[in-house]
Protein chains: 2
Amino acid sequence: MPELKTEPSRKSQIFTVSCEMIRNNGYQGTSMRDIAAALQIEAASLYNHISSKEDILRETCFGMADKFLTAIAEVNDIYFNAEEKLGMAVRNHVRILTENMDSSWVFIHEWRNLTGSKKIEFIALRDRYENEFMQILENGESEGLFNDVNNKFATLTILSSLNWVVEWYRPNGAMSPNQISEKLTEFILSGLKK
Amino acid sequence: MPELKTEPSRKSQIFTVSCEMIRNNGYQGTSMRDIAAALQIEAASLYNHISSKEDILRETCFGMADKFLTAIAEVNDIYFNAEEKLGMAVRNHVRILTENMDSSWVFIHEWRNLTGSKKIEFIALRDRYENEFMQILENGESEGLFNDVNNKFATLTILSSLNWVVEWYRPNGAMSPNQISEKLTEFILSGLKK
DNA sequence: CCTACCGATCGGTAGG
DNA sequence: CCTACCGATCGGTAGG
């Protein structure tokens, strides 16, 4: 019988292994030789699949930014009220985070190691996400649902609580991603609703 | 006239400059030569004041842990109700954070670069702080002031919001440390109070 | 606080 | 995917 389940490509193996190691030891603490050793090949061989170490960081950070931005755009395009939108945004955020623990960690913490224009581009994407999220709070205010708060401040505080999930979430822990989202939404709404 | 204002010791200059550079470029991205250059001395000269690069990290992380633990112990020793205690704990936390921006950043993010038993010791101190903080939530519950929530979960979420302050606080920004504390306390209490 | 230096390791390339 | 190697840089020491 033919083998139907195809192996992940070497390139994607490199990304998976790299993100795991970067999460544990930091971007600068993870050498190309470390990554190669984990895949049982020589460091030089990595360059047949990627062109530099920063490639790994770049593709991971921008790939995750894309996931988050696509999800929030979907929420903001739908005709729901702000309370419903907030719940959806939180659920999406926590889902993406828990489905991609290692690359999310890289996205949240290691983007600082990007260099030059890529770093600037990345910051722009992150700011865009924050603004899309803040849009929900502004909607809630104009809909008369939410209190008049400093929306920038509130958004950053909310996102910090969400991002912290990646630090302590364990797939086999007591709370499922949906339970976490529910509790967080509840907590956030209690601070926002009139 | 004699010069009355004494210069900070070389050792403390090393710590100040190091924390600033580590915040900007990470622990592994900051070399002894970088630090020396900022002080306009040679790398070898640093070793007259400190015995290793990890010394800087170690003293900073444990020094900050001490500040946070002393502050929370003071709050928990006083005979106030949980709502008052929470406000005090938040104010102390934000004050320590904003008064020591760079070393707080190192405390929050770079402790991962500690090695061996020092890393284990550090984690124990951090856990102790989390538990002391959680104690306030438990008090509030038994006093009948706070809702019955998952206290561990709530504590981590609250601390994440507080720690995020170090990412965006600017001494000349729109909000003072006390205003930040007030808003955060308000936000947190709305999620906890019955 | 400096000069001079150590062995180790880094990201990456040439050439097969 | 490998061998062999490059120049650069690392934390740290000896000795003054």
Side-chain angles (χ1 to χ4, degrees), chain A residues 6-62 106 109-119 122, chain B residues 6-62 106 109-119 122:
Chain A
T6 50
E7 291 274 310
S9 72
R10 194 98 254 200
K11 184 166 176 175
S12 79
Q13 285 178 33
I14 292 172
F15 278 87
T16 306
V17 164
S18 297
C19 283
E20 189 184 336
M21 299 182 82
I22 291 172
R23 185 193 176 143
N24 291 328
N25 305 310
Y27 176 70
Q28 311 207 52
T30 305
S31 72
M32 294 301 271
R33 281 158 181 83
D34 292 335
I35 296 166
L39 293 164
Q40 290 176 290
I41 58 175
E42 292 301 317
S45 306
L46 291 170
Y47 292 91
N48 287 295
H49 305 283
I50 55 172
S51 66
S52 73
K53 187 184 175 189
E54 194 168 341
D55 252 23
I56 300 170
L57 184 62
R58 211 162 30 223
E59 287 202 32
T60 304
C61 289
F62 284 86
V106 173
H109 291 110
E110 301 291 338
W111 61 268
R112 286 168 206 274
N113 293 295
L114 289 168
T115 58
S117 62
K118 287 297 165 185
K119 189 172 187 173
F122 178 83
Chain B
T6 49
E7 291 273 310
S9 72
R10 193 99 254 202
K11 183 165 177 176
S12 78
Q13 285 178 32
I14 292 172
F15 278 86
T16 306
V17 163
S18 296
C19 284
E20 190 185 335
M21 298 183 82
I22 291 173
R23 187 194 174 142
N24 291 328
N25 305 309
Y27 176 70
Q28 311 208 48
T30 305
S31 73
M32 294 302 270
R33 281 157 181 84
D34 291 336
I35 296 165
L39 293 163
Q40 290 177 289
I41 58 175
E42 293 300 317
S45 305
L46 291 169
Y47 293 91
N48 285 296
H49 305 282
I50 55 173
S51 66
S52 73
K53 187 185 174 187
E54 194 167 341
D55 250 24
I56 300 171
L57 184 62
R58 212 162 30 223
E59 288 202 32
T60 302
C61 289
F62 283 87
V106 173
H109 292 110
E110 303 292 337
W111 62 267
R112 286 168 206 274
N113 293 294
L114 290 167
T115 59
S117 63
K118 287 298 164 182
K119 189 171 188 172
F122 178 84

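FYI, side chains are in, hydrogens and waters are out, and symmetry mates aren't considered; it's all heavy atoms of this structure. In the text below, chain A, chain B and the rest are named by the order of the sequence lines, each starting its count at 1. Worth saying up front: this structure is predicted, and the values here are computed from it rather than measured.
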Min side-chain heavy-atom separation [X]-[Y] under 4.5 Å:
{"X": "Ser52(A)", "Y": "Arg58(A)", "result": "yes"}
{"X": "Glu54(B)", "Y": "Tyr27(B)", "result": "yes"}
{"X": "Ile56(A)", "Y": "Ile35(A)", "result": "yes"}

Would you mind pulling out the nucleotide paired to dG16(D), Watson-Crick or G-U wobble, both distances under 3.5 Å?
-> dC1(C)
Nearest-Å distance, [atom1] ([X]) to [atom2] ([N])?
{"X": "Gln40(A)", "N": "dC2(D)", "atom1": "CD", "atom2": "P", "value": "10 Å"}
{"X": "His49(A)", "N": "dG11(C)", "atom1": "NE2", "atom2": "P", "value": "17 Å"}
{"X": "Asp55(A)", "N": "dG11(C)", "atom1": "CG", "atom2": "P", "value": "14 Å"}
{"X": "Leu46(B)", "N": "dC10(D)", "atom1": "CG", "atom2": "C1'", "value": "14 Å"}
{"X": "Gln28(B)", "N": "dC10(C)", "atom1": "CD", "atom2": "C1'", "value": "12 Å"}
{"X": "Glu54(B)", "N": "dC10(D)", "atom1": "CD", "atom2": "C1'", "value": "15 Å"}
{"X": "Ile50(B)", "N": "dG11(D)", "atom1": "CD1", "atom2": "C1'", "value": "11 Å"}
{"X": "Glu42(A)", "N": "dC10(C)", "atom1": "CD", "atom2": "C1'", "value": "15 Å"}

Starting from the 5' end of DNA chain D, give me the residue, Asn48(B) or Ser51(B), whose nearest nucleotide shows up first.
-> Ser51(B)
Looking at Lys53(B), Lys119(B), Gln28(B), which hits side-chain hydrogen bond (donor to acceptor under 3.5 Å, both in side chains) with Asn113(B)?
-> Gln28(B)
So, Asn48(B) and Ser45(B): side-chain donor and acceptor under 3.5 Å apart, yes or no?
-> no
Could you tell me which non-hydrogen atom of [X] sits nearest to which non-hydrogen atom of [Y], and how far apart they are?
{"X": "Val106(B)", "Y": "Cys61(B)", "result": "O-SG, 4.1 Å"}
{"X": "Lys118(B)", "Y": "Leu114(B)", "result": "O-CD1, 4.1 Å"}
{"X": "Leu39(A)", "Y": "Val17(A)", "result": "CD2-CG2, 3.8 Å"}

What N/O pairs connect the protein and nucleotides 4-9 of chain C at under 3.5 Å? Give each pair on its own line.
none

From the set [options], return the single nucleotide nearest to any side-chain atom of [X].
{"X": "Tyr47(A)", "options": "dT13(C), dC1(D), dC2(D)", "result": "dT13(C)"}
{"X": "Ser52(A)", "options": "dC1(D), dG12(D), dG12(C)", "result": "dG12(C)"}
{"X": "Asp34(A)", "options": "dC10(C), dC1(D), dC1(C)", "result": "dC10(C)"}

Please state whether the rings of Phe62(B) and Phe122(B) are parallel, tilted or perpendicular, taking 30° and 60° as the class boundaries.
-> perpendicular
Going by number, which of residues 16-24 of chain A have a non-hydrogen atom under 4.0 Å from DNA chain C?
-> none
